[in-house]
Amino acid sequence: MEILKVCLLENKRTKSMKAEKTKIENMKIKEITGEPAIDLALDTIGMNKQALVFVNTKRGAEKCAEDISKKLKIENEETRKILDVLSNQMLNALDRPTKQCMRLANCVSKGIAFHHSGLHSKQRELVEDSFRDGKIKIISATSTLAMGLDLPAFRAIIRDLKRFGHHGMSDIPVLEYLQMCGRAGRPKYDSYGEAIAVASKQGEKDRIISNYMKGEAEDIFSKLAAEPVLRTYVLSLIASNFVSTEKQLKDFFSKTFWAHQYGDMSRIEHMIDKVIDLLEDYEFIMVQGRSDEKVVNKSASRSSDFVSASDVCVGSSGDSSNDSTNATKLRATLLGKRVAELYLDPLTAFHMVKCLNTGSSREKITAFSLLQMVSATLEMRPLLNVRMSEYDLVQEKLVKENDALLMDEPSAFEYDYDEFMNSVKTAMMFDEWIDEKDEEYLLEKYNVRPGELHYKLSNADWLLYASEEIARLLSHQKLLKDLSKLRFRIKYGVKEELLTLLKIPDVGRVRARKLYLSGIKDIAGVKNADLTTLTQLLGKQIALKVKKAVGEDFEKMPVSDGKRKGQLGLGKYE
DNA sequence: GGACGGTGAAACTTCAGGTTGCCTC
DNA sequence: GAAGTTTCACCGTCC
């Protein structure tokens, strides 16, 4: 078991502390830069050990890694070669290196790396693996690295204990602090480890000792208290037939940790009632037998959406209780059942239903209108923020696409107007992605790092899939093709014209575009193209595979390597 | 006199992380 | 709240 040695290092940046020497309990750290976190990292390298430095922003993680790497010189030729190879791998992880890739590659060439959610997953894995191999000595990271990773870090240097939140800068939770400390001295790698928190002044030092080192971890609160979570689970319980009456539903919640913590069951019941009303209004559930039963004006065609009682009710249909809530039967409609299966917040699903109804009555809808529809959901948050300098640009796009939008534009004075504008900007970013703009362009224009981009893209893909499922249930056949095409374009980041070529294995956005620009626009074009042309465009191996995929196996036939002089191989820079 | 570059102050911007579906177009 | 980035005004130099 590891022993945590928890120490404090005073930050000498503060003027009042300047006269004081940097001190750590039982340790002397050589002052090189005056930045405690950096000096500690350098000291760790001097001990031939490894460390993680935890900071509160992605930018901070990058700068910290850069600052440490600037102080290092790799003298051993063999080590330099190993790091150069690694650095090259980091640089070429994407089709085209971004500024972030170059920054990471530079740091890695000195054995230092940064790690945060903005990194591409390939780079993140490479960083973690190289730290385990001992090639990387220091990782400067945000809290991504604090959760559950088993790394051979002798030290966890916690530089920042504050983070920007909903109410400005605030202290990180004690639980998170403990998670960070727990990264040091893992049993597999060290007999003990050191967790070091950096304080900027005496007051902060005392606060860290009392709040974090001697403080107790926070209580855990049930997430059911959050309305989106509650309505999702109420629908889910009904749709999965886990409950079929109001009484069963309330009984279920009365036994949850939420009820235990909240105490006041009558208020909880009131909240559940509100959610039931909402779900009924949305036509995701049917409520029967309630004393104040509402008359919902449903069209005859819509009634076919409901699952029959025998389909959805659990065996309690013969329940003879006299209790009024027990008599109130809850059944999910087909639509409600699917919404629950898709794990969507009912509010999001209802927003989609409204938008898709609007879309189905239109002659034509654009990709942008669907992208804005999914961008305006809770699931897509946090959205890209519209800066003051970008306001005109977003407004211009809005004017241009106004007729295409599927939701109503809120008034500029409404509370959610800013979020609406943000949804337009987020949709603009997706729109540029499917217009074949690459990661570097999107990083420059929208300040979205590759890792965040791919997270947002997979979110958009999920929401578009959910929209497709809802459109299918609503019989909006016309929209199904648009949605499915858009999902494909989001996945690959391509214009519509490349969709056919992407069906060929080993052909992604880059190769498809090369083929298209050379006049090879579809499967027939690939069949008709001679192997030499394909080899010049894609390289020999891929050309053979592509030919094989369209039914022509050249594998055993002799073929001339049609590579032009100076042509690159099938690397990422093609 | 105008273009250009350097400098510093002021204004502005940004700030962690990442479940859930299905496999088809 | 703080750090980093962008913008802008001002000044000096050069042609």
Side-chain angles (χ1 to χ4, degrees), chain A residues 11 13-14 35 54-64 66-67 99 114-119 121 124 141-149 159-173 175-177 179-180 200 204 223 228-229 232-233 235-236 338-346 348-349 374 377-382 384-391 422 444 446-449 451-472 479-492 494 496 498-503:
Chain A
N11 186 334
R13 275 178 296 184
T14 316
E35 283 287 333
F54 289 105
V55 302
N56 60 1
T57 64
K58 293 194 265 274
R59 200 164 54 186
E62 292 178 17
K63 186 162 185 302
C64 179
E66 224 164 32
D67 288 347
K99 248 185 353 197
F114 53 84
H115 188 288
H116 54 59
S117 68
L119 280 190
S121 55
R124 253 199 274 185
T142 56
S143 54
T144 21
L145 216 58
M147 306 300 166
L149 274 175
R159 195 193 72 177
D160 301 323
L161 283 156
K162 281 185 182 295
R163 190 173 43 226
F164 186 85
H166 295 299
H167 311 288
M169 290 300 265
S170 50
D171 289 342
I172 61 165
L175 275 170
E176 202 176 315
Y177 163 81
Q179 277 287 354
M180 291 178 189
S200 60
E204 200 183 340
K223 291 213 165 173
V229 180
T232 302
Y233 281 98
L235 180 61
S236 171
R338 194 71 188 111
V339 167
E341 284 165 358
L342 291 165
Y343 223 80
L344 278 180
D345 175 1
T348 295
V374 294
T377 61
L378 279 179
E379 285 84 345
M380 198 49 104
R381 290 183 187 187
L384 304 185
N385 199 31
V386 180
R387 297 180 209 166
M388 277 169 79
S389 56
E390 292 170 335
Y391 208 83
N422 291 346
E444 282 296 313
Y446 295 96
N447 196 25
V448 178
R449 293 173 166 89
E452 296 157 318
L453 171 70
H454 287 279
Y455 176 70
K456 284 193 187 319
L457 287 172
S458 81
N459 239 353
D461 179 50
W462 162 50
L463 290 166
L464 285 169
Y465 171 77
S467 311
E468 207 181 331
E469 291 296 292
I470 291 174
R472 186 168 287 123
L479 296 175
L480 289 177
K481 209 175 159 195
D482 290 326
L483 282 161
S484 117
K485 216 186 286 171
L486 184 56
R487 281 191 65 208
F488 208 61
R489 291 181 64 194
I490 277 283
K491 189 175 172 191
Y492 287 97
V494 291
E496 203 174 329
L498 295 189
L499 291 182
T500 323
L501 288 172
L502 286 169
K503 288 178 191 165

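Residue numbering restarts at 1 for every chain, and letters A, B, ... go by the order of the sequence lines. As the structure is a computational prediction, the values presented were derived from the model and not from experiment.
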*Kindly calculate the angle separating the two end axes of the helix from B:dG1-C:dC15 to B:dC15-C:dG1, each obtained from five base pairs, and round it to 10 degrees.*
10°
Under the salt bridge (Lys or Arg N to Asp or Glu O under 4.0 Å) rule, collect the residues that match up with [X], sequence neighbours excluded.
X      : result
A:R381 : A:E419
A:K503 : none
A:K63  : A:D67
A:D482 : none

*So which one's nearest nucleotide on DNA chain B is more toward 5', A:Y343 or A:K491?*
A:Y343
*Between A:H115 and A:R387, name the one whose nearest nucleotide on DNA chain B is closer to the 5' end.*
A:R387
Just the rounded figure in Å: distance from [atom2] of [N] to [atom1] of [X].
X      : N     : atom1 : atom2 : result
A:E35  : C:dA2 : CD    : C1'   : 13 Å
A:E66  : C:dA3 : CD    : P     : 17 Å
A:I172 : C:dG1 : CD1   : P     : 19 Å

*Side-chain contact, heavy-atom cut-off 4.5 Å: A:H454 with A:S121?*
no
*Gap in Å between the two P atoms, one belonging to B:dA16 and one to C:dG4, rounded*: 14 Å
*With C1' as the reference atom in both, quote the distance from B:dG21 to B:dC25 in angstrom, rounded to an integer.*
16 Å
*Span of DNA chain B in contact with chain A (heavy atoms, under 4.0 Å)*: B:dT13 to B:dC25
Under 4.0 angstrom, heavy atoms only, what part of the nucleic acid is [X] near: base, sugar-phosphate, or nothing?
X      : result
A:K481 : nothing
A:P382 : base
A:R338 : sugar-phosphate
A:R449 : nothing
A:S143 : base

*Considering residues at least two apart in sequence or located in another chain, which fulfil the side-chain hydrogen bond (donor to acceptor under 3.5 Å, both in side chains) criterion with A:T348?*
A:E379
*Decide, yes or no, whether a salt bridge links A:K99 with A:E444 under the criterion of side-chain N to carboxylate O below 4.0 Å.*
yes
*Can a salt bridge be assigned to the pair A:R449 and A:E62 using a cut-off of 4.0 Å between side-chain N and carboxylate O?*
yes
*What are the residues of residues 451-462 of chain A, sorted by number, that bring a heavy atom to within less than 4.0 Å of DNA chain B?*
A:Y455, A:N459, A:D461, A:W462
Going by the rule ring-ring contact (aromatic ring centres under 6.0 Å, His included), which residues pair with [X] if we only count those two or more places apart in sequence or in a different chain?
X      : answer
A:H116 : A:F114
A:F54  : none
A:Y233 : none
A:Y455 : none

_Pairwise 5' ranking along DNA chain C for A:R59 and A:F164, keeping only the more 5' one_ = A:F164
_Measuring to OP1 and OP2 of C:dA3, would you say a side-chain N or O of A:K63 lies under 4.0 angstrom away?_
no
